[in-house]
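Scroll down for the structure; my scribbles are underneath it.
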Amino acid sequence: MQEPNIDPKLLKPYDPKETEDRIYKIWEESGFFNPDVCIEKGVTDKDATTFSMVLPPPNVTGTLHLGHAATLTIEDIMTRFARMQGKRTLWLPGTDHAAIATQSKVEKILEKEEGKRKTDLGREEFLKRVNKFAQESHDTIINQSKKMGASLDWSREAFTLDEKRNLAVRTAFKKMYGDGLIYRGHRIVNWDPKGQTVISDDEIVYEERKAKFYTFKYSKDFPISISTTRPETKVGDTAVAVNPKDERYTQYIGKTFTIEDFCGVKLEIKVVADDAVEKEFGTGALGVTPAHSQIDAEIAMRHNLPTKQVINEFAKMTVGDERILNKKTTEARLVIAEWLKSEGLLEKEEEVTQNISTAERTGGIIEPLPKLQWFINVNKPIADRNNKTLKELMLEAVRGGEINIIPDRFEKVYYNWIENLRDWCISRQIWYGHRIPVWYKSEEIYCGVEAPKEDGWIQDEDTLDTWFSSGLWTFSTLGWPDLNATDFKTYHPTNMLETGYDILFFWIARMILMSTYLIGEVPFKTVYLHGIVRDSQGRKMSKSLGNAMDPLDLTQKYGADAVRMSLIIGTGPGNDSKMSEDKIRAYKNYANKLWNITRFVLSSTENIKLDSSFNDYSDKDKELIKERHDLIVEITKEMDEYKFYIVGEKIYHYTWSRFADVILEESKEIFKNGTNEEKESRAQFLLDTLTKILKILHPFMPFVTEEIWSIMPIDNKKLLMVERWPETERS
RNA sequence: GCGCGCUUAGCUCAGUUGGUAGAGCAACUCAUUUACACUGAGAAGGUCGGGGGUUCAAGUCCCUCAGCGCGCACCA
């Protein structure tokens, strides 16, 4: 066939590498990622309904993985769809300083490359290193996000640790402190000996391990046997608790026994009755270690028992003689077990599996320790929130329907978490992060947005849990605490929050907490949760397994459009998905198919332009239009319901199996032997249908569609990214 | 212990309010320069995890069992 008047580009296979960076640049230069520019340039009405969403800020700990790529794709689809519907659309980017994660990463590098520890550098110098690392990670992340085609408004980019966000953090802290929601308290906390910091309950990861479960008596004269997996903590025991209904032990309740020598330590053990003790568990008697167990501390509080700390911040013993003093807890455990055996006190030694608490970021084994820390009280009634507690505010936002979670089964998970929620420990003994806005001067404490003016005040050394600043993200990025900021007034509450279900508690719950409390409105109306991207065998991708697929490599090899499609199709909300190169290859082929469809349509309709007022369709084409119209109605409905995985499949199927394999094939016959009317009708139909396919496909495969759009014979074209979604009312 | 999810073709997954099973990939047969080999046509492949129930009708609803996975709690 002759190929007159057709872009020579089409004569070669589609080349994403040549196309994608060029197209992204055109988009960026158009300014259309920014809704203000869209209004200025007249592609969006000033009073159009808004669609706003924040990007879950990636941690500045390195590079993006496929999970980020999935997030970017799903959200870009939402954003481009909204923009093409004419909405005032804002998708706001940013990055997260990720306090502990970033700091420990830099510590590792420092150790490996220079053999130094952070204390060798000092706070200021170490922070310089962290900032440098964070900046480099940031640049990589931004670059990768652009490669994925993300239509983010870079003019509004934010960082959880920049000046504006710091003001928001200090303002929020001050208000919570003023309302008595933030308090400083001496409590049993989760101490991470490896990271040398406290962490919150949610930062604990449980790992199943085998352990020895020892049953023994403190001494030959002691009447009650107890059981434990941690004999070394028993040197800190101050009581034995039994169930009040347990007849075996009633005679001892209230008595105090002195054990002169428990592996070199003198113990005073009082027998108390407490409902928390289960009769059936172990011997039915519990050795109470108030300093090193949350439950025991609670029992101790109820019975006014003394607390005796026997383990320090390095998980080493602080009492006893040379046998255990300064030994690690794991070593002391064996020493005491041996001692019990040799004294004839050990009655039983069993192998059990137990859940061991480890720190999410460092992997360190958590040591419960009593410490003075900052907490958020989740059970205190708040006067200007109708005396509701933070827990109640969080619960009601979802239960009352103001926030809708997709898939809805996660609402149950959310309620369950809130029911078990305890006060949130927000102080961290790390250097990288928002410094706590509290100052001390002898006995005085000052909390304020700014430092006190007089001399002699010393600021709290600790920083805040990274999730404190993330919790403010939907509004700290929009100008809050300035309540008159245009962005804040225009875009808050945001419409959508899309993220992985694994940070439902960490992030989503904390945003709801902060927003309902600080501004009295929900942070977002809909939460869409996606799953984890796994490898083709269903394993979590990780660097150590070596199965991590680098999104950048994949986009280089197959094109971003193909990677995007393969991340969407075959994945429903809330379900994990599996990734394989086969799948991506299939969608690379699809991009090329679309390219060739265009080549055929343009070369067989040469010199004809799309005529939007054309109406003389043949009967056959009218049928095809009806079919197409039904499909678009269906697809639009599914887009509104966030069923992108279904839409992607449907449009793929329609273009390939229906449009290319059937309609184009029969068009060959029409163009060869049909009447002029038939030819004209079919030419318009093909151009019109290709136009609509490009529009529907654009949110999914933005690069190839924008590129094809640029050579379509259509008058008064704008960029495809700001064209209107195909109308659904006309047939 | 409480709760959730999954189990459908060799693999990865769809299957919306119940109407006798679908897609991609892989494998098989054919076509051999066609808009496109990054292709087309065709055929094959499933007692929808097991059992029971409701119904005219169940992959879909209910009960139950099993395997896998996950969350929370416990973890003396």
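This one's a predicted model, so the numbers in the text were calculated from it and none came from an experiment. Numbered from 1 within each chain, the chains take letters A, B, ... in sequence-line order.
With P as the reference atom, B:A58 and B:C2 are 33 Å apart, rounded to whole Å. When the P atom is compared between B:G52 and B:U60, the two are found 14 Å apart, to the nearest whole Å. The separation of B:G45 from B:C62, taken at their C1' atoms, amounts to 32 Å, rounded to a whole angstrom.
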Walk along nucleotides 39-46 of chain B from 5' to 3' and tag each nucleotide B, S or - by protein heavy-atom contact under 4.0 Å, base first, then sugar-phosphate. SSS-----
Protein-to-nucleotide contact annotation, 5' to 3' order, nucleotides 68-75 of chain B [B base; S sugar-phosphate only; - none; under 4.0 Å, heavy atom]: ---SSBBB
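When distances run from any side-chain atom of A:Asn575 to the nucleotides B:G5, B:U16, B:A23, the shortest one goes to B:G5.
Between A:Asp423 and A:Arg187 a salt bridge is recorded (basic side-chain N to carboxylate O distance below 4.0 Å).
Inspection of the A:Glu581 and A:Tyr558 side chains reveals an N or O donor paired with an N or O acceptor under 3.5 Å. Counted by atom type alone, A:Glu498 and A:His530 present one or more donor-acceptor pairs between their side chains at under 3.5 Å. Donor-acceptor pairing under 3.5 Å is lacking for the side chains of A:Arg209 and A:Thr353.
Taking 4.0 angstrom as the limit, A:Lys412 places a side-chain polar atom (N or O) nearer than this to OP1 or OP2 of B:C4. Using a 4.0 Å cut-off, no side-chain N or O of A:Arg409 falls inside it from OP1 or OP2 of B:C4. Contact annotation: A:Lys668 reaches the phosphate of B:A35 (side-chain N/O to OP1 or OP2, under 4.0 Å).
Looking only at distances, no side-chain donor or acceptor of A:Asp192 sits under 3.5 Å from a matching main-chain atom of A:Ile366. In this structure a side-chain-to-backbone donor-acceptor pair under 3.5 Å is present from A:Arg564 to A:Phe700.
As the counterpart of B:C30, B:G40 is assigned, both hydrogen-bonding distances of the Watson-Crick or G-U wobble pattern falling under 3.5 Å. For B:C4, the paired nucleotide is B:G69, the pair qualifying as Watson-Crick or G-U wobble because both relevant distances are below 3.5 Å. Base pairing of B:U20: no nucleotide in any strand meets the Watson-Crick or G-U wobble criterion (both distances under 3.5 Å).
If you find the closest nucleotide of RNA chain B to A:Asp582 and to A:Asn592, the one lying nearer the 5' end belongs to A:Asp582.
Taking the centre and axis of the six-membered ring of A:Phe505, the NZ or CZ atom of A:Arg510 falls outside the cone set by 45° and 6.0 Å.
The CD-P distance, from A:Glu649 to B:U12, rounds to 16 Å in whole Å.
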